2 protein chains.
Amino acid sequence: MTRITNRIRRLRFDHSEMTQEELAQRAGCTRQTIIALEQGKYVPSIELAFKIALAFGVTLEEVFQYEG
Amino acid sequence: MTRITNRIRRLRFDHSEMTQEELAQRAGCTRQTIIALEQGKYVPSIELAFKIALAFGVTLEEVFQYEG
DNA sequence: GCATAATGTAAAGTATGCAATACATTAATT
DNA sequence: AATTAATGTATTGCATACTTTACATTATGC
């Protein structure tokens, strides 16, 4: 019932097809976490959300959206 | 060891001294959660962070900062 | 066909966000 | 001084983010 969506998978491919592994390393989390996030299995903490946005060089809102 | 800070308390006073109770109601959480957040006792979920930003009418980054 | 890279699935354990409840303290007003 | 509003402290409990480890599947290239 969360209202948070993300564009991680799309952003990965927009960024020269960055692999899940590489994104995980850049964001300082495990590959499993990236997989789960892409599949919408859970919503990241704010800290991880910021790190992922940083890994892509975009703002948090460009990666994660709140569907009010 | 989290690197997340917030400006909730300042924003409350910038918004006609909104009380913790009123902010809690607008954000859909309890007053205890607002208190704990202001005291830096924990970091909110992304969902709550978005709701708080909405309550103030600002972006998430204007409320929460990642100290890289 | 085989090797390798990329992605996916599964399960167990730790840490913590947040609610809920109850009580204490500090203004501010009359 | 007494009342009320605002803020703070403390505790219990549940849900879930995230890690770790291990194994399975699906490309892609030689």
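The analysis underlying the following values was restricted to heavy atoms, covering all of them including side chains, and did not include hydrogens, waters or symmetry mates. First the proteins, then the strands, lettered A, B, ... as listed; each starts at 1. Just so it is clear, the model here is predicted, and its values are computed rather than measured.
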Rounded to the nearest 0.5 Å, how far apart are CD of A:Glu47 and CD1 of B:Ile4?
5.0 Å
Could you identify which residues of residues 12-29 of chain A place a heavy atom less than 4.0 Å from some atom of DNA chain D, listed by residue number, or say none?
A:Gly28, A:Cys29
Are any non-hydrogen side-chain atoms of B:Thr5 and B:Tyr66 less than 4.5 angstrom apart?
no
Are the side chains of A:Pro44 and B:Ile46 in touch, meaning some heavy atoms are under 4.5 Å apart?
yes
At 10 degrees resolution, what angle do the end axes of the helix from C:dG1-D:dC30 to C:dT30-D:dA1 form when each is taken over five base pairs?
40°
Please enumerate all protein N or O atoms sitting under 3.5 Å from an N or O of nucleotides 28-30 of chain C, with distances to 0.1 Å.
none

Heavy-atom side-chain proximity of B:Phe56 to B:Arg26 below 4.5 angstrom:
no
Could you give the CG-to-P distance, from A:Leu37 to C:dT9, as a whole number of Å?
14 Å
Taking only side-chain nitrogens and oxygens of A:Thr30, does any of them come within less than 4.0 Å of OP1 or OP2 of D:dT19?
yes
Neighbours of DNA chain C within residues 56-66 of chain A, by heavy-atom distance under 4.0 Å:
none
Rounded to whole angstrom units, what separation is found between the CD atom of B:Glu38 and the P atom of D:dT7?
8 Å
Approximate separation, where rounding is to 0.5 Å, of A:Glu61 CD and B:Leu60 CG:
5.5 Å
Report yes if the side chains of A:Arg7 and A:Gln65 come closer than 4.5 Å at any heavy-atom pair, otherwise no.
yes
From the candidates D:dC18, C:dG8, C:dC18, the one with an atom nearest any side-chain atom of A:Ser45 is D:dC18
SB check B:Arg12 B:Glu38 (cutoff 4.0 Å)
yes
Using a 4.0 Å cut-off on protein heavy atoms (strictly under), produce a 5'-to-3' string for nucleotides 23-30 of chain D with B for base contact, S for backbone-only sugar-phosphate contact, and - for none.
--------
With a 4.5 Å heavy-atom cut-off, do A:Tyr42 and A:Thr33 have their side chains touching?
yes
When you get a sec, tell me which of C:dG8, C:dC18, D:dG8 is the closest nucleotide to the side chain of B:Ile35?
D:dG8
Rounding to 0.5 Å, atoms CD1 (A:Ile52) and CZ (A:Phe64) come to a distance of 4.0 Å
Sequence neighbours left out, what passes salt bridge (charged side-chain N to carboxylate O under 4.0 Å, His left out) with A:Arg10? Give chain and number order.
none
Cut-off 3.5 Å, side chains only: do A:Glu62 and A:Thr59 have a donor facing an acceptor?
yes
Nucleotide nearest A:Arg9 when distance is taken to its side chain, options D:dG8, D:dC18, C:dG8
C:dG8
Atom-pair distance (CD1 on A:Ile46; P on C:dG17), nearest Å:
11 Å
Out of B:Glu21, B:Gln20, B:Glu22, which residue meets the side-chain contact (heavy atoms from CB on, under 4.5 Å) rule with B:Met18?
B:Glu22
Just verifying a value: how many Å separate A:Leu37 CG and A:Ile8 CD1, rounded to the nearest 0.5 Å?
4.5 Å
Begin from the C-alpha positions of B:Ile34 and B:Cys29 and carry the test side-chain contact (heavy atoms from CB on, under 4.5 Å) through to its verdict.
CA-CA 8 Å; B:Ile34 300 298; B:Cys29 67; 3.6 Å; yes
